[in-house]
Amino acid sequence: MTGYCVNAALSPPSIADIYIQHNGWLLRWLRGKLSCADQAADLAQETFVRLLTAPADAPSLREPRAYLTTVARRLVIDHYRHQSLMQAWHDTLAQLPEPLAPSPEDRLELLQTLDRIDRMLDGMGAKVRAAFLMAQLEGLTYADIATRLGTSERTIKRYMVQAFARCIVLIA
Amino acid sequence: MTDFLAMPQVDARAAREAAQWLIRLNGHNDQHGQHGQHDQQQRQSGQQQRRGRQAGRPGDEDQQAARPDSATVQAWQAWRAADPVHEAAWQRAELVLRTLGMVPPAIAAPVLGRPAVDRRAATRVLAALIIAGPAALAGYATVRAAPWQDWFANVRTSTGEIRTLMLDDGTSLAVNTGTAVDVAVDATTRLLRLHHGEIHVAAAPDRNNRARPLVVQCASGSVHALGARFCVRANHGVLAPSAQVAALEGAVQLRPARAPLQATVLGAGWQAAMTEHAIAMPAAVRGGVAAWVHGVLLADDTPLADFVAELARYRSGVLRCDPALARLRVSGAFQLRDTDNILQLLQRSLPVRIRQRTRFWVSLEPA
């Protein structure tokens with residue numbers, strides 16, 4: 001750690017320097033988290049892309065490994081989230097009767113939209129997420145949701161505010 | 001799609017206020033005309049009084065429900081005008097609703113409501129392995145490659161399909177419509193992992209002297225049996241996972257996934273619902289719970305709504321029952337092989353009319 005901290009005090013390392021110094025280490029770190037070497041390479045690449053778009057004066061550049069780990073860990077979690085989304089997507093399509101199935105042209109767009117929503121919902125408490133989906137997708141009343149989740153209507157309303165507020169902050 | 005860079009940032013307070021407005025302006029529920037919600041709306045308006053402030057989604061031209069009163073609208077507009085951050089938050093709120101409105105619930109509900117992966121547990125294991133280094137990794141590999149995994153099968157049934165299998169230990173496994181179950185038999189356990197759907201297990205007493213327990217594992221918990229006949233039906237989706245277990249012969253033990261200490265033994269003739277955290281008060285098994293194993297749907301003075309919900313499991317597409325008919329009673333033994341015929345029978349014996357919009361969209365309406 002100390003090596004580049006001292007350097008950083010003088011002038012922050014360039015992204016090229018960071019890449020050269022830490023890419024190998026980051027790749028090994030990611031391979032430990034993911035079973036597939038290709039995916040590890042993709043995520044390492046993605047991590048550096050995030051670094052490129054970070055503000056130039058960010059403290060991140062002074063402590064590259066801490067920053068890289070934070071970004072990469074987030075990417076790994078998102079990778080697993082996406083994987084489970086894809087699994088559920090394929091399972092659902094396989095079980096859907098043909099007339100309800102989206103056309104091949106619509107599929108990509110639908111999947112992208114689901115992915116955007118899924119990202120907003122990620123990290124929401126399980127009950128908040130369930131209540132939100134019941135209200136927004138299934139059109140259940142708060143009273144019905146309260147009964148199903150074994151809680152009060154007031155709590156459901158609180159969940160809804162929480163969920164919407166989170167979506168409003170995160171929507172992209 | 002929206003250009004991310006063009007989206008103004010909002011702070012947590014503005015987001016929270018926008019969320020509160022959203023809920024206030026939409027009255028009780030945000031009931032906009034999404035696919036498949038039509039019947040839901042009918043049901044709600046039929047069964048309960050509508051709230052006065054219920055409105056369509058903001059920005060919608062053809063609002064079906066009552067608009068919020070003018071004082072509320074004025075207060076909301078004043079809030080939006082008071083601060084550009086408020087307006088930005090509101091724009092985002094509308095985008096959230098538009099985005100949610102873009103996905104058909106039939107697909108979005110199971111995909112977005114899938115059971116959560118316990119990512120923390122997964123990363124914890126990985127972290128421990130990485131810290132422990134190569135030796136531990138080698139150990140992990142050995143465990144995975146251990147030869148005692150005798151056999152493994154994934155069984156999937158489609159809608160309307162009922163399949164019966166004989167496991168090599170003599171256990172008979174019937175798999176109901178739309179079910180996913182993995183079977184793993186090894187030297188120490190006989191494990192059935194029920195992802196969703198319903199199974200009927202007639203567990204053979206273990207021929208090996210080791211008396212391996214037979215375990216059915218589902219998201220909400222596990223069911224343990226030695227020699228018993230029982231049904232397990234797993235539900236998940238948007239709701240928290242739950243399972244309905246009925247013991248038909250012998251006894252089984254239920255263990256909620258997150259409250260193993262609450263394990264309960266269920267004797268023959270009893271059924272109970274289990275969630276991750278608890279087991280409901282057991283009730284007597286209702287007759288015909290396992291009739292599906294023989295391809296039969298049994299009804300004994302069953303409310304039509306329940307009967308239709310049950311029947312719908314065996315049919316592709318949408319099968320709805322008008323709320324006005326919900327309390328009609330149905331009795332009989334119906335062959336699941338031909339569900340169209342069951343609908344015809346209903347039409348002949350009850351004051352109902354089958355309205356078939358397409359092969360896959362059928363509703364029961366008052367005759």
Side-chain angles (χ1 to χ4, degrees), chain A residues 29 32-33 73 76-77 80-81 83-85 87-89 91-102 109-114 116-118 120-121 126-127 129-131 133-144 148-150 157 160-169 171-172, chain B residues 1-2 4 7 10-12 14-16 18-20 22-23 28-31 34 36-37 40-41 44 48 89 92-93 95-97 99-100 102-114 116-117 119 122-123 126 129-130 156 158-159 178 180 238-240 316-318 358-361:
Chain A
W29 189 87
K33 300 258 173 208
R73 183 174 290 127
V76 168
I77 288 173
Y80 282 120
R81 178 199 61 77
Q83 217 171 35
S84 89
L85 176 87
Q87 177 73 44
W89 162 259
D91 286 355
T92 303
L93 284 193
Q95 293 202 359
L96 215 59
E98 216 163 294
L100 294 180
E109 204 185 325
L110 179 55
L111 181 59
Q112 281 169 346
T113 308
L114 287 171
R116 282 171 66 211
I117 300 174
D118 199 55
M120 300 193 298
L121 302 181
K127 279 198 171 178
R129 182 181 178 128
L133 291 177
M134 283 187 225
Q136 295 308 118
L137 295 177
E138 301 194 351
L140 297 186
T141 63
Y142 294 175
D144 281 344
R148 290 217 209 168
L149 293 181
K157 201 165 167 181
M160 292 300 293
V161 171
Q162 224 175 304
F164 266 125
R166 190 184 168 84
C167 290
I168 288 167
V169 170
I171 192 158
Chain B
M1 287 297 128
T2 318
F4 177 65
M7 283 294 286
V10 296
D11 59 43
R16 195 177 169 76
Q20 280 161 342
L22 209 56
I23 285 160
H28 184 68
N29 249 14
D30 171 49
Q31 294 185 358
Q34 287 186 355
Q37 287 199 348
Q40 190 71 44
Q41 287 183 0
Q44 283 170 356
Q48 60 194 54
R92 284 174 161 262
L95 180 61
V96 169
L97 286 187
T99 308
L100 289 165
M102 277 158 65
V103 294
I107 298 171
V111 172
L112 298 173
R114 68 192 182 278
V117 263
R119 64 185 191 198
T123 44
L126 281 169
L129 287 169
I130 289 159
R156 303 286 182 269
S158 54
T159 303
V238 169
L239 299 172
S316 293
V318 178
T358 70
R359 163 88 181 77
F360 293 100
W361 191 289

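First the proteins, then the strands, lettered A, B, ... as listed; each starts at 1. Note: hydrogens, waters and symmetry copies are ignored here, and every other heavy atom, side chains too, is used.
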At what distance, to the nearest 0.5 angstrom, does CD of A:Q136 lie from CG of B:L112? 12.0 Å

Side chain, backbone, both or neither of B:T159 within contact of chain A (heavy atoms, under 4.5 Å): side chain

Smallest separation among heavy atoms of A:W89 and B:V111, with atom names: CA-CG2, 3.8 Å

Test your reading of the model: is there a side-chain donor-acceptor pair from B:R16 to the backbone of A:A165, 3.5 Å cut-off? no

Would you name the heavy atoms of A:V161 and B:A19 that are closest together and state the gap between them? O-CB, 3.5 Å

Might you point out which heavy atoms bring A:T92 and B:A106 nearest each other, and give the distance in Å? CG2-O, 4.1 Å

Testing the basics here: between B:A15 and A:I168, what is the closest heavy-atom pair and its distance to 0.1 Å? O-CD1, 3.6 Å

List the atom of B:L100, the atom of A:L137, and the distance in Å for their closest heavy-atom pair. O-CD2, 4.5 Å

Side chains of A:D118 and B:R114: closer than 4.5 Å at any heavy-atom pair? yes

Counting heavy-atom pairs closer than 4.5 Å to chain A, which one of B:S316, B:S158, B:A14 comes out on top? B:S316

Going by an N to O cut-off under 4.0 Å, is there a salt bridge joining A:D91 and B:R156? no

Residue pair A:V169 / B:R92, side-chain heavy-atom distance below 4.5 Å: no

